[in-house]
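Quick note on labels: first sequence line is chain A, next is B, and so on, each numbered from 1.
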There are 2 protein chains.
Amino acid sequence: MGSPMPETTVCRPDECLAEDWLGFLGHRWNALLLWHLSGGPKRYSELQALLPRISPKVLTERLAGMTGRDLVRRVESNVYPREVSYVLSPRGEGLRGILSDLYDWAEAGDMAKS
Amino acid sequence: MGSPMPETTVCRPDECLAEDWLGFLGHRWNALLLWHLSGGPKRYSELQALLPRISPKVLTERLAGMTGRDLVRRVESNVYPREVSYVLSPRGEGLRGILSDLYDWAEAGDMAKS
DNA sequence: CCGAATCCTACATGATACTG
DNA sequence: CAGTATCATGTAGGATTCGG
């Protein structure tokens, strides 16, 4: 994922950090994925069903990004057929509140238009 | 709250709204732009200086997006040479708190890694 | 069932030159 | 100064197929 960092600093560290996170969250499917996972653990195939138009490649990519950033954790059972679930990490839970605020803000602004 | 949804719907309206906003905010430069504007009104050329690697085309695009969503307002003086400033709208101000929360959350998570 | 590996295309971004 | 107009390009995302 290319977030090129200019050699000369154009932003403060905390700001770049947040920009990076926004870039990540703004990536297609990520917000939706987080939303669905905040409703409880989901299996790979469940997520595919919930997001009908996502390709397996991208779904895997996104989930990898999420686990890499420790927003989500992968839980695998060793039985056959193997069963993999994805569940929000504590850190991911921490995001819920913020995203929820964003939802409220977006909705409020939308109401005001009418 | 458990109101049923048409099956063609992939997500609830408020959710789509927030996803749309995240997509917008996650677009390159937008968060940075908002950040700089939250420090006070800025002129076009100032923004160019603050974001050395942005092209005029994209800067204009982003500013149009911002004004279109009423996050930012454009203020023009009729004197010569003409002077255009961009300033955060009330709605844009409302975002500041949320973005600030995100900054804090990101920073906290980052500290915890070490 | 859960992915990995390819291939392909559209769009987002960047560079540059030009205008009111 | 504050943009617009073009052109070039990288990469994100989609479709499909294969493998453990």
Side-chain angles (χ1 to χ4, degrees), chain A residues 1-8 10-11 16 19-34 36-37 41-69 72-87, chain B residues 10-11 16 19-34 36-37 41-69 72-87:
Chain A
M1 232 177 73
S3 269
M5 280 280 280
E7 40 298 308
T8 54
V10 280
C11 58
C16 283
E19 205 209 353
D20 178 54
W21 275 106
L22 272 175
F24 177 76
L25 296 173
H27 254 162
R28 199 165 188 197
W29 305 116
N30 271 343
L32 230 40
L33 228 25
L34 240 23
H36 285 305
L37 287 175
K42 298 276 178 299
R43 298 175 53 182
Y44 188 89
S45 49
E46 289 183 282
L47 293 173
Q48 274 188 318
L50 287 164
L51 280 46
R53 319 230 333 146
I54 199 175
S55 75
K57 174 194 169 191
V58 176
L59 178 53
T60 300
E61 253 177 39
R62 293 298 184 270
L63 287 171
M66 301 249 182
T67 55
R69 289 162 181 259
V72 164
R73 279 167 191 168
R74 199 186 111 113
V75 183
E76 181 172 2
S77 77
N78 284 339
V79 302
Y80 184 85
R82 85 170 187 275
E83 192 174 311
V84 180
S85 287
Y86 294 88
V87 56
Chain B
V10 186
C11 58
C16 284
E19 205 209 353
D20 177 55
W21 275 106
L22 273 176
F24 177 76
L25 296 173
H27 253 160
R28 201 166 185 196
W29 305 115
N30 272 342
L32 229 39
L33 229 24
L34 240 23
H36 285 304
L37 287 175
K42 298 277 178 298
R43 299 175 53 180
Y44 189 89
S45 49
E46 290 184 281
L47 293 173
Q48 275 188 318
L50 287 165
L51 280 46
R53 321 229 333 145
I54 199 175
S55 76
K57 176 192 165 190
V58 175
L59 178 54
T60 299
E61 253 178 40
R62 293 296 184 272
L63 288 171
M66 300 250 183
T67 55
R69 287 164 182 258
V72 165
R73 278 168 192 168
R74 200 186 109 113
V75 183
E76 181 173 1
S77 77
N78 284 339
V79 301
Y80 184 86
R82 86 170 188 274
E83 192 174 310
V84 180
S85 288
Y86 293 89
V87 55

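- Side-chain proximity of B/Ser55 to the nucleotides C/dG3, C/dA15, D/dT4 is greatest for C/dA15.
- Among the atoms of the strands shown, only primed sugar atoms or phosphate atoms (P, OP1, OP2) are found under 4.0 Å from some heavy atom of B/Glu83.
- Atom OH of A/Tyr44 and atom P of D/dG19 are 17 Å apart (whole Å).
- Considering all non-hydrogen atoms of both residues, A/Asn30 and A/Leu25 come closest at CB-O, 3.9 Å.
- In plain terms, the two heavy atoms of B/Glu19 and A/Ala31 that are nearest each other are CG-CB, 3.9 Å.
- Closest approach of A/Arg28 and A/Arg62 over heavy atoms only: O-NE, 2.9 Å.
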Only pairs under 3.5 Å count here: list side-chain donor-acceptor contacts from residues 54-61 of chain B, not counting sequence neighbours, and write none if there are none.
from: B/Ser55; atom 1: OG; to: B/Val58; atom 2: N; distance (Å): 3.3
from: B/Thr60; atom 1: OG1; to: B/Tyr44; atom 2: OH; distance (Å): 3.1
from: B/Thr60; atom 1: OG1; to: B/Pro56; atom 2: O; distance (Å): 2.9

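- Rounded to 10°, the helix from C/dC1-D/dG20 to C/dG20-D/dC1 has 50° between the axis fitted to its first five pairs and the one fitted to its last five.
- Dashed line: the shortest gap from a side-chain N or O of A/Ser45 to OP1 or OP2 of C/dC1 is not under 4.0 Å.
- Atoms CG and NE2, on B/Leu47 and B/His36 in that order, are 8.0 Å from each other to the nearest 0.5 Å.
- If you take CG of A/Leu63 and P of C/dC2, they are 11 Å apart, rounded to a whole angstrom.
- In this structure, CD of B/Glu46 is placed 13 Å from C1' of D/dA2, rounded to the nearest angstrom.
- In this structure, the CZ atom of A/Arg53 is 15 Å from the C1' atom of D/dT16, given to the nearest Å.
- One can place CD1 of A/Ile54 at 9 Å from P of D/dG13, the figure rounded to the nearest angstrom.
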Protein proximity profile, nucleotides 6-12 of chain C - base contact B, sugar-phosphate-only contact S, no contact -, cut-off 4.0 Å on heavy atoms: BB-----
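- Per the geometry, CG belonging to A/Asn30 stands 12 Å off C1' belonging to D/dG13, to the nearest Å.
- Regarding A/Leu47, its CG atom lies at a distance of 14 Å from the P atom of C/dC1, rounded to whole Å.
- Atom CZ in A/Arg82 sits about 7 Å away from atom C1' in D/dG20, given to the nearest Å.
- A/Arg69 forms a cation-pi arrangement with A/Phe24, by the criterion of a distance under 6.0 Å to the ring centre and an angle within 45° of the ring axis.
- Taking all atoms of both residues into account, the shortest heavy-atom contact from A/Arg43 to A/Ser85 is CG-OG, 3.5 Å.
- The distance from the OH atom of B/Tyr86 to the CD atom of B/Glu46 is 12.5 Å, given to the nearest 0.5 Å.
- Side-chain nitrogen and oxygen atoms of A/Arg43 include at least one within less than 4.0 Å of the OP1 or OP2 phosphate oxygen of C/dC2.
- With values rounded to the nearest 0.5 angstrom, A/Met66 atom CE is found 7.0 Å from A/Leu37 atom CG.
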